[in-house]
Amino acid sequence: MIIRGTPRLILRDWKERDRDLFREINADPKVMEFFPVSRSHDESDLAMTRVNEMIHATGYGFYAVELRATGEAIGFCGIAPANLYGIFPHGTMEIGWRLATRFWGHGYITEAGKSLLAMAFDDKKMPEIVSFAVHDNQRSIAAMKRIGLIRDPSRDFIHPRVPDTHPHLQPHVTYALTLERWLGK
């Protein structure tokens, strides 16, 4: 199922042929630098199944990002429920991403992210999209800025699912964009 297309990318559901890439990005220490744990093969397989189930059930989730020219999956970018109750209101949607390191620095997340924001606002009329990252994760923060999200320090938070064994990963910054701002009103 193709969700969106851009000049260089296809955003779609996950295929069996993508399993090794999904495992790779979830086990790579550089990709997972700002997460408290990386995933084993079995954990990645289960996560990929759950992500695909969400995509097929709701149309939302973290979509496989495929290079249009080669058909190769390079990571994911998607819109999904934030599921951080007590931090964001129920129904808040977040945009997030991960790419295999060999694909960093080519503008793929900017391209995919802008396309997904267009889907969220122009097609789905979502009231707001948020994104959040560990306060030191400059790569993700830079991507948030490039796709047009705006810092909202009043919504920064300590991530409730990051264990106390990783206190440096608990503080998160929040960026957001509203439909109204997207439309220039």
Side-chain angles (χ1 to χ4, degrees), residues 1-28 30-35 38-39 41-83 91-133 137 139-149 175-177 179 182-183:
M1 164 182 11
I2 294 176
I3 308 299
R4 299 284 290 180
T6 71
R8 298 184 298 164
L9 307 171
I10 295 172
L11 284 73
R12 58 167 172 76
D13 61 342
W14 292 88
K15 308 295 182 197
E16 187 59 35
R17 69 181 188 259
D18 306 322
R19 195 164 296 280
D20 286 341
L21 181 275
F22 197 85
R23 290 173 179 160
E24 174 190 338
I25 61 178
N26 285 293
D28 185 319
K30 284 184 175 179
V31 175
M32 301 301 287
E33 176 182 3
F34 295 101
F35 293 85
S38 57
R39 290 191 170 124
H41 274 32
D42 290 343
E43 291 166 332
S44 283
D45 288 349
L46 181 59
M48 187 173 127
T49 298
R50 286 184 179 155
V51 167
N52 240 8
E53 287 171 351
M54 178 191 286
I55 292 169
H56 291 158
T58 68
Y60 299 108
F62 295 108
Y63 313 117
V65 177
E66 174 184 300
L67 292 177
R68 189 178 286 278
T70 66
E72 179 181 15
I74 63 173
F76 64 77
C77 186
I79 292 178
N83 291 334
T92 300
M93 300 296 276
E94 72 164 298
I95 187 168
W97 48 80
R98 283 185 215 154
L99 290 183
T101 56
R102 65 187 175 278
F103 300 106
W104 289 4
H106 298 281
Y108 296 133
I109 291 303
T110 302
E111 187 172 325
K114 285 181 177 181
S115 179
L116 288 174
L117 289 177
M119 178 185 82
F121 294 129
D122 296 338
D123 302 345
K124 306 291 185 183
K125 304 298 184 218
M126 291 181 183
E128 180 183 55
I129 297 293
V130 302
S131 193
F132 47 88
N137 187 344
R139 287 187 305 270
S140 280
I141 291 168
M144 291 175 201
K145 292 175 183 177
R146 281 193 303 274
I147 66 172
L149 301 181
Y175 282 71
L177 188 63
L179 173 61
W182 173 266
L183 296 174

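One is the number of the first residue; the rest follow in order along the sequence.
Under the rule for a ring-ring contact (aromatic ring centres under 6.0 Å, His included), Tyr175 has no partner lying at least two apart in sequence or in another chain. For Ala47, the side chain to side chain contact (heavy atoms under 4.5 Å, CB included) test picks out Phe22, Arg39, with sequence neighbours left out. Applying the salt bridge (charged side-chain N to carboxylate O under 4.0 Å, His left out) criterion to Arg146, with sequence neighbours excluded, gives no partner residue. Partners of His41 according to the side chain to side chain contact (heavy atoms under 4.5 Å, CB included) rule, which considers only residues two or more places apart in sequence or in another chain, are Arg23. Taking the salt bridge (charged side-chain N to carboxylate O under 4.0 Å, His left out) definition, one finds that Glu24 meets it with Arg102, sequence neighbours left out. In terms of the salt bridge (charged side-chain N to carboxylate O under 4.0 Å, His left out) criterion, residue partners of Glu128 (sequence neighbours excluded) are, by chain and number, Arg155. Residues passing the side chain to side chain contact (heavy atoms under 4.5 Å, CB included) test with Met119 are Ile3, Arg4, Tyr60, Tyr63, Ile79, Leu116, Asp123, Lys124, sequence neighbours excluded. Among residues two or more places apart in sequence or in another chain, the salt bridge (charged side-chain N to carboxylate O under 4.0 Å, His left out) test is passed with Arg50 by none. Take Pro81 and apply the side chain to side chain contact (heavy atoms under 4.5 Å, CB included) test, not counting sequence neighbours, and it matches Met54, Asn83, Met93.
The two residues Ala27 and Ser38 make their nearest non-hydrogen contact at CA-CB, 4.0 Å.
Screening residues 102-127 for ring-ring contact (aromatic ring centres under 6.0 Å, His included), with sequence neighbours left out, gives His106-Tyr108, Phe121-Trp182. Residue pairs meeting the salt bridge (charged side-chain N to carboxylate O under 4.0 Å, His left out) criterion with at least one partner in residues 107-121, sequence neighbours excluded, are Arg8-Glu111.
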Taking only distance into account, with no hydrogens and no angle test, what donor-acceptor pairs under 3.5 Å do side-chain atoms of residues 65-73 form with protein atoms, sequence neighbours excluded?
residue : atom : partner : partner atom : Å
Glu66   : OE1  : Arg12   : NE           : 2.4
Glu66   : OE1  : Arg12   : NH2          : 3.0
Glu66   : OE1  : Arg17   : NH2          : 3.3
Arg68   : NE   : Thr6    : O            : 3.0
Arg68   : NH2  : Thr6    : O            : 3.0
Arg68   : NH2  : Leu9    : O            : 3.4
Thr70   : OG1  : Glu72   : N            : 3.2

